[in-house]
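We count ligands from 1, going down the list as the structure has it; atoms in each ligand are counted the same way. In this text the structure is predicted, and so the values were computed from the model without any measurement.
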Amino acid sequence: MHLFKPFNTICDLKTGVLSPPGNHIVRYLADMKEMFHDREAAETMLKENPKVYEFYNVVIPEEDGHLQHCTSIIYPGKVGKEYFMTKGHFHAVAGTAEIYVCLAGKGLLLMQTEDGQAEVLEMYPGSISYIPPYWAHRTINTGDEPLVFFGVYRGDAGHNYGTIEKQGFSKLVLEEDGQPCIIDNPRYNPRGGD
Ligand code: M6P
Ligand code: ZN
């Protein structure tokens, strides 16, 4: 048995910044432009290529006895009417869960099974969302401030982005009359994952 030493990471609860930062990943619009519904709006915004979100992953072995943990910061903004959001993913080990604890801001957590069933939970400071095994997950900032949350999941869960890249999510979250509105995604392709 390899005995791993306990350690602390410090989280700024307002900004989500971790110290030490671990693996810090930043995603700009150019990294995910085809994920937004309004391709024309995305293309126009590419000139400025805004930062959509970033996350800080504590460095943990990718083994099942361990727990990966991270903070994410989704910036406020929209592409056309669609709010800034994460790419979203299934876990590579699909039968592994995740917990999100919202620290600041407000948003929605969109989840989906492989056959397109969708569920949405609200995120606000203090909300603890349980993402059960087999649900893909994407977070969406529906507010005017950064949406900040802490996540924890099984050490070896990994990320499967390919299924969502091919199928899309079955729902879109758009702003209509100043309010978030959940609609069916006309481009959703349940067979795209075959
Ligand atoms: C959360 C966790 C991470 C994930 C990150 C960004 O912090 O779920 O595992 O990597 O959000 O989301 P995505 O990987 O979909 O870009
Ligand atoms: Zn996950």
Side-chain angles (χ1 to χ4, degrees), residues 9 11-13 15-36 42 50-64 66-77 79 82-114 118-121 123 125 127-142 146-173 185 193:
T9 304
C11 176
D12 180 318
L13 297 176
T15 63
V17 174
L18 291 187
S19 41
N23 290 323
H24 177 214
I25 296 169
V26 182
R27 296 226 218 270
Y28 294 89
L29 180 59
D31 301 318
M32 55 182 300
K33 60 177 195 309
E34 50 293 308
M35 299 212 141
F36 287 97
K51 193 193 274 188
V52 179
Y53 65 103
E54 59 192 306
F55 49 108
Y56 294 83
N57 285 300
V58 177
V59 180
I60 298 290
E62 291 180 9
E63 295 168 12
D64 66 358
H66 282 281
L67 292 171
Q68 303 293 337
H69 50 295
C70 54
T71 51
S72 298
I73 302 108
I74 326 271
Y75 290 98
V79 175
E82 194 173 16
Y83 297 101
F84 280 10
M85 61 190 183
T86 57
K87 287 169 89 163
H89 59 270
F90 285 95
H91 288 162
V93 181
T96 56
E98 184 154 356
I99 287 176
Y100 283 168
V101 182
C102 183
L103 305 175
K106 70 168 184 171
L108 294 174
L109 167 56
L110 173 62
M111 289 160 286
Q112 166 172 315
T113 58
E114 283 244 26
E119 289 283 332
V120 178
L121 291 174
M123 296 177 76
S127 66
I128 302 174
S129 306
Y130 184 59
I131 303 162
Y134 303 106
W135 288 82
H137 34 289
R138 161 177 284 169
T139 44
I140 300 149
N141 185 345
T142 57
L147 170 64
V148 181
F149 61 96
F150 173 77
V152 55
Y153 55 102
R154 204 172 92 177
D156 62 340
H159 294 77
N160 160 13
Y161 292 105
T163 307
I164 290 300
E165 278 164 9
K166 289 184 212 114
Q167 297 187 339
F169 273 86
S170 60
K171 304 284 177 189
L172 302 177
V173 182
N185 177 6

E98 atom (N/O/S) at minimal separation from the Zn ion (ligand 2):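 Nearest N/O/S atom of E98: OE1.
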H66-Y153 aromatic ring centre distance below 6.0 Å: no
Note the single closest protein heavy atom to atom 2 (C) of ligand 1, along with its residue, its atom name and the distance in Å. E98 OE2, 3.2 Å
Identify the closest protein heavy atom to atom 9 (O) of ligand 1: which residue and atom is it, and at what distance? H159 NE2, 2.8 Å
Any atom of ligand 1 sitting under 4.0 Å from a heavy atom of M32?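 Per 4.0 Å heavy-atom rule, M32 does not contact ligand 1.
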So is G88 close enough to ligand 1, meaning a heavy atom under 4.0 angstrom away?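 The answer is yes, since G88 has a heavy atom less than 4.0 Å from ligand 1.
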The Zn ion (ligand 2) to H159: any N/O/S contact under 2.8 Å? no
Polar proximity ligand 1 side, [X] side, N/O cut 3.5 Å exclusive:
X    : answer
Y161 : yes
Y53  : yes
R27  : yes
S72  : yes

Within 45° of the ring axis of Y161 and under 6.0 Å from its six-membered ring centre, is that where the NZ or CZ of R27 lies?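 Yes, a cation-pi geometry holds between R27 and Y161.
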To 10 degrees, how wide is the angle NE2 (H89) to the Zn ion (ligand 2) to NE2 (H137)? 90°
